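A quick write-up on the structure given underneath.
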Amino acid sequence: MDKIVKVLQKLKNEYGTVPWNWHTRQNPFKVLIATIMSQRTRDPQTDEASKALFERFPTPEHLASAPLEEIEKLIKGVNYYKTKAVRIKEVSSIIVEKFGGRVPQDMKTLMSLPGVGRKTANCVLVYGFHKSALPVDTHVHRISNRLGWVRTKTPEETEKELKCVVPTEWIPFINDLLVKHGQTVCKPIKPSCNICVVKKFCKYNEATSQNYTQS
DNA sequence: AAAACGGGGGC
DNA sequence: GCCCCAGTTTT
């Protein structure tokens with residue numbers, strides 16, 4: 001079996017398959033809004049806030065005409081909530097007025113929306129429309145490099161290289177699994193390599209553990 | 001390419 | 001109290 005698949009299988013065994021923001025998936029508009037909310041924000045906060053928001057304003061039409069203050073209040077708790085409230089309303093209006101209430105299905109149009117960058121657009125494509133898209137955030141970028149799967153400077157490079165080395169059927173799981181691993185074990189600073197289930201496949205661990213195993 | 005944005009939770 | 005964070009936009 002391929003080495004990368006082995007690692008992904010181990011991570012899947014460790015962390016399970018329940019995706020973040022599961023209640024929004026298969027609804028492209030909800031995926032879009034919830035993903036904007038999730039930027040630089042921890043999971044549980046976003047999850048609760050997005051549920052509250054969609055209960056009150058379930059569609060682009062509702063959000064486009066919602067009072068800004070009410071949106072702010074409902075999503076308070078997520079990072080940048082004031083800026084995001086403005087963008088959520090803007091995005092909803094654009095979708096209603098320019099796209100007939102439908103979320104665009106291509107990278108370029110998605111990224112033209114306010115508050116939507118490459119990572120968010122890819123989330124919409126893969127979780128909303130089941131396309132073969134790979135959202136790369138700081139965790140995916142960092143861990144892919146530590147493991148030695150890629151050698152890249154930017155998230156976009158990582159996205160392209162990962163798509164070449166990871167089997168298609170695993171693409172939709174990469175983000176969830178590596179983010180979970182990155183939050184709990186493979187942290188940006190002082191990663192807990194001693195408890196890592198994939199350390200024997202990891203270049204970073206190989207390089208850093210040498211200092212201790214010698215002598 | 002680097003800084004700003006901007007706020008709650010963990011240590 | 002300080003530091004960090006499922007990014008995007010602006011300088």
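First the proteins, then the strands, lettered A, B, ... as listed; each starts at 1. It should be emphasised that the depicted structure is a prediction, and the values quoted were computed from it without experimental measurement. FYI, side chains are in, hydrogens and waters are out, and symmetry mates aren't considered; it's all heavy atoms of this structure.
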Test the K3(A)-F201(A) pair against the cation-pi criterion, namely NZ or CZ under 6.0 angstrom from the six-membered ring centroid and within 45° of the ring axis.
no
Count the heavy atoms of every other residue, nucleotide or ligand shown that sit under 6.0 Å from NZ of K203(A), and state whether that count exceeds 12.
no
Regarding E72(A) and K82(A), does a basic nitrogen lie under 4.0 Å from an acidic carboxylate oxygen?
no
Under a 4.0 Å N-O cut-off, is there an ion pair linking K30(A) with D47(A)?
no
What contact category does T46(A) fall into here, base, sugar-phosphate, or nothing, at under 4.0 angstrom with non-hydrogen atoms?
nothing
Q39(A) CD - dT8(C) P separation (whole Å):
5 Å
5' to 3' contact window, DNA chain B with chain A (heavy-atom distance under 4.0 Å):
dC5(B) to dG8(B)
Could you check whether P114(A) gets within reach of a base, just the sugar-phosphate, or nothing at all, counting any heavy atom under 4.0 Å?
sugar-phosphate
Between S144(A) and V136(A), is any pair of side-chain heavy atoms under 4.5 Å apart?
no
Would you indicate whether E55(A), at its atom CD, is surrounded by more than 12 heavy atoms from other residues, nucleotides or ligands within a distance under 6.0 Å?
no
To the nearest Å, how far apart are D137(A) CG and dC5(C) P?
11 Å
Distance, rounded to the nearest Å, where Y15(A) contributes OH and dA6(C) contributes P
14 Å
E69(A) with K73(A): basic N within carboxylate O range, under 4.0 Å
no
Side-chain N,O (T83(A)) to OP1/OP2 (dT9(C)) below 4.0 Å:
no
Which nucleotide sits closest to the side chain of Q183(A): dC5(C), dT8(C), dA6(C)?
dA6(C)
In whole angstroms, how far is the C1' atom of dG7(C) from the NZ atom of K119(A)?
8 Å
Protein-nucleotide distance (R118(A), atom CZ; dA6(C), atom P), rounded to Å
20 Å
Just checking L113(A): base, sugar-phosphate only, or nothing, at a heavy-atom cut-off of under 4.0 Å?
sugar-phosphate
dT8(C) C1' sits how many Å from K84(A) NZ, rounded?
10 Å
Considering every strand shown, what is the Watson-Crick or G-U wobble mate of dC4(C) when both distances are under 3.5 Å?
dG8(B)
Spacing of K190(A) atom NZ relative to dC4(C) atom P, expressed in whole Å
11 Å
Rounded to whole Å, NE2 of H141(A) lies from P of dT8(C) at a distance of 14 Å
Is T138(A) touching bases, backbone alone, or none of the nucleic acid, heavy atoms closer than 4.0 Å?
sugar-phosphate
Classify P188(A) by what it touches in the nucleic acid, base, sugar-phosphate, or nothing, heavy-atom distance under 4.0 Å.
sugar-phosphate
